[in-house]
Amino acid sequence: MITFILFQEGEQRWIGTVARSLNLLNTIFGPMSKVYGIGRCAKMTYEMWKELLEDEEVVQKERKPDLGLVFMIDRDVDYITPMCSQVVYEGLVDDIFRIKCGSVEFGPEVTSSDRSVKILLNSQDKVFGEIRNEHFSNVFSFLSQKARNLQSQYDKRRGMDIKQMKTFVSQELKGLKQEHRMLSLHIGACESIMKKKTKQDFQELLKTEHSLLEGFDIRECINLIEEHINRQVSPIESLRLLCLLSLTENGLIAKDYRSLKTQYLQSYGSEHLLTFSNLKRAGLLTEQTPTEALTAVESRVGKLVTDKAVGKLTDAFSSLAKKSHFRGISKKLGLIPRVDGDYDLKTPRDMAYVFSGAYIPLSCKIMEHVSQLNSV
C-alpha cells in the first residue's frame with residue numbers, strides 16, 4: 001500500500017490530524033515498510049507520528065510484517081502540476097462543476113429538468129468508478145458501450161417465466177435503474193463539458209501550457225497570455241498561466257512581470273493587488289532578480305525523511321537543485337515524454353496521459369524512483 005499526502009503551504013494546522021490518520025493506517029494495516037518525505041511540513045508530521053507510535057510500541061512489536069510505503073510531500077515541492085489543466089473525466093468535472101467533500105451538484109443543463117441533483121462520487125457509482133481516471137477522449141465511447149450493455153440486461157426480461165421475472169425484479173432491476181440514472185447524469189455532464197472545453201479558448205490554453213512546459217516559443221506564449229487576460233476569458237485560468245510561466249522560467253523578467261501584472265489588474269480589478277502579493281510570497285508568481293538561482297520547486301527537493309538506502313537519490317536531487325531549474329529537473333527525470341508519433345491515450349504508459357501526454361507530475365516521478373529502489 002502506498003499513501004501519498006500533499007500539504008498546502010500554510011496548512012500546518014492539519015499536521016496533527018494527518019499524523020493521527022497515519023497512526024490509524026498503521027494500526028489497521030500494520031507497520032509501514034518505509035517512510036519518505038520531502039519538505040518541512042512532511043518532516044514535522046513524521047516526527048509527530050513517531051511520537052504517537054512510541055506510545056504503542058508494545059502493540060507494534062506484536063503486529064505482522066509491514067505492508068507498504070508512506071510518502072509525504074509538501075505541496076510546494078511540485079507546484080507545476082496543479083497549474084496544468086488535467087483532461088481526465090474527474091478533473092474536468094471538478095473544473096466545471098466543483099467537487100466538494102466528495103460530491104458534486106449537477107444543474108438543469110445536465111439533468112434535463114428544472115432542478116439540480118447532488119450525487120456522491122465514489123466507488124458505489126459504478127459508471128463514475130470506471131471513467132473517473134479515463135482521458136476525456138475515451139469517455140464517450142465507454143458510455144455508449146455501457147448504454148448498450150444496460151439495454152441488453154433490460155432485454156433479458158423478455159421471455160422470462162413468473163419465477164424468473166420475480167428474481168429479476170428483486171435482485172437486478174433496482175441496481176439497473178440506479179446505474180441507468182447515473183449513466184444519464186454522466187452523459188449529461190459530458191455534453192456540458194464538451195460545450196465548454198472544446199472551444200478554441202480551451203485548445204489555446206492547452207497549447208500554451210504544453211509550450212511552457214517544454215520551453216518552446218516563450219515569447220508567443222506571453223502574447224497568448226496577454227490576449228487571454230485582455231479578452232477577460234477567465235481570471236483563474238489567467239492566473240494559472242502566469243504562475244506556470246513563472247515556475248517554468250524561474251520567475252518573470254522585470255519588464256514582463258510589470259506589464260502582465262498591469263494588464264491583469266486593468267482587466268480584472270485593482271483588488272487583485274493582494275492576490276499578486278500572496279502569490280509572490282508563496283513563490284508561485286515571482287520576478288527574477290540578478291542573484292536568483294533556484295525556483296521554489298528546486299529548493300524544496302531536499303532530504304528524504306528516513307532511510308539512508310536512498311542516499312544516492314537524495315544527493316542527486318540536492319545536487320540538481322543547486323545548479324539547475326525546472327528545465328534541468330525536467331530533463332534529468334524525464335518529465336516531458338518523448339514519443340514517436342502521437343501519445344497513446346487509450347493505453348498510457350505513464351501519468352502524462354492526465355495532461356494529454358505533455359507532462360509527468362514531478363511528485364509521481366519521485367515516488368516512482370523511490371519505489372523502484374525498494375523493489376530491487
Side-chain angles (χ1 to χ4, degrees), residues 4-8 10-11 13-14 17-18 21 75 81-147 149-151 173-203 205-206 209 228 232-241 243 268-269 271-272 275 278 353-356 361:
F4 183 38
I5 302 173
L6 292 176
F7 298 91
Q8 291 284 358
E11 294 295 316
R13 62 184 180 276
W14 295 109
T17 302
V18 174
S21 299
R75 174 73 275 170
T81 299
M83 298 303 155
C84 300
S85 300
Q86 52 181 324
V87 203
V88 293
Y89 179 69
E90 185 175 12
L92 289 171
V93 168
D94 182 44
D95 193 19
I96 300 295
F97 304 102
R98 296 301 175 196
I99 298 173
K100 297 179 181 178
C101 300
S103 65
V104 65
E105 185 171 352
F106 291 134
E109 73 278 6
V110 173
T111 61
S112 300
S113 65
D114 58 352
R115 62 189 182 90
S116 298
V117 174
K118 191 173 185 178
I119 63 171
L120 282 175
L121 298 177
N122 53 31
S123 57
Q124 293 181 353
D125 182 348
K126 294 181 180 179
V127 177
F128 177 72
E130 294 186 69
I131 64 175
R132 64 186 304 174
N133 295 320
E134 289 290 328
H135 191 274
F136 192 68
S137 61
N138 303 327
V139 172
F140 268 112
S141 60
F142 170 84
L143 294 178
S144 178
Q145 183 61 46
K146 190 71 174 178
N149 292 342
L150 282 176
Q151 187 60 49
L173 186 59
K174 184 178 179 181
L176 288 175
K177 285 186 175 179
Q178 175 65 11
E179 203 166 343
H180 184 272
R181 173 176 172 269
M182 301 312 296
L183 178 63
S184 177
L185 286 174
H186 288 299
I187 289 175
C190 284
E191 290 174 344
S192 182
I193 291 171
M194 284 284 288
K195 291 177 183 177
K196 297 178 181 180
K197 291 298 186 181
T198 56
K199 294 180 180 179
Q200 184 177 359
D201 289 336
F202 183 65
Q203 298 303 319
L205 175 69
L206 292 180
E209 289 179 0
H228 198 276
Q232 299 182 333
V233 176
S234 166
I236 298 298
E237 289 180 358
S238 295
L239 277 179
R240 277 171 46 194
L241 285 173
C243 291
Y268 299 113
E271 64 271 18
H272 287 287
T275 303
N278 290 335
Y353 84 95
V354 175
F355 304 116
S356 296

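Atoms considered below: every heavy atom in the structure, side chains included; atoms not considered: hydrogens, waters and symmetry mates.
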Donor-acceptor pairs under 3.5 Å, side chain of residues 186-195 to any protein atom, not counting sequence neighbours: which ones?
| from | atom 1 | to | atom 2 | distance (Å) |
| --- | --- | --- | --- | --- |
| His186 | ND1 | Tyr89 | OH | 2.7 |
| His186 | NE2 | Asp125 | OD2 | 2.8 |

Closest non-hydrogen atom pair, Cys243 against Met83: CB-SD, 3.8 Å
side-chain hydrogen bond (donor to acceptor under 3.5 Å, both in side chains) with Gln145: which residues, sequence neighbours excluded? Arg148, Asn149
Salt-bridged, Arg240 to Glu209, with N to O below 4.0 Å? yes
Could you tell me which non-hydrogen atom of Glu237 sits nearest to which non-hydrogen atom of Ser234, and how far apart they are? N-OG, 3.3 Å
Report the distance from atom CG of Leu241 to atom SG of Cys84, rounding to the nearest 0.5 Å. 9.5 Å
Please evaluate residues Ser238 and Tyr268 with respect to the criterion side-chain hydrogen bond (donor to acceptor under 3.5 Å, both in side chains), reporting the C-alpha separation (whole Å), side-chain torsions for both, the decisive distance (0.1 Å), and the verdict. CA-CA 10 Å; Ser238 295; Tyr268 299 113; 3.3 Å; yes
Closest heavy-atom pair, Val117 versus Leu185, reported as atoms and distance to 0.1 Å, is CG1-CD1, 4.2 Å
Checking Ser141 side chain against Asn138 main chain: does a donor-acceptor pair fall under 3.5 Å? yes
List for me each residue that meets side-chain hydrogen bond (donor to acceptor under 3.5 Å, both in side chains) alongside Asp201, sequence neighbours excluded, and say none if there are none. Arg231
Taking everything shown except Gln203 itself, do over 12 heavy atoms lie less than 6.0 Å from its CD? yes
Check this for me, if you would: do Asp95 and Lys196 make a salt bridge, where the nitrogen-to-carboxylate-oxygen distance has to be below 4.0 angstrom? no
CG/Asn133 to OH/Tyr353 distance, rounded to the nearest 0.5 angstrom? 4.5 Å
Start with the C-alpha distance between Glu105 and Lys100, add both sets of side-chain angles, then the distance that settles salt bridge (charged side-chain N to carboxylate O under 4.0 Å, His left out), and finish with yes or no. CA-CA 9 Å; Glu105 185 171 352; Lys100 297 179 181 178; over 6 Å; no
Other residues, nucleotides and ligands only: do more than 12 of their heavy atoms fall within 6.0 Å of NE2 on His180? no
Where Leu143 and Val127 come nearest, the two heavy atoms and their spacing: CD2-CG1, 3.8 Å
Do Ser116 and Pro108 have side-chain heavy atoms sitting under 4.5 Å apart? yes
Considering all heavy atoms of both residues, which atom of Lys197 and which atom of Phe202 are nearest to each other, and what is their separation? O-CD2, 2.5 Å
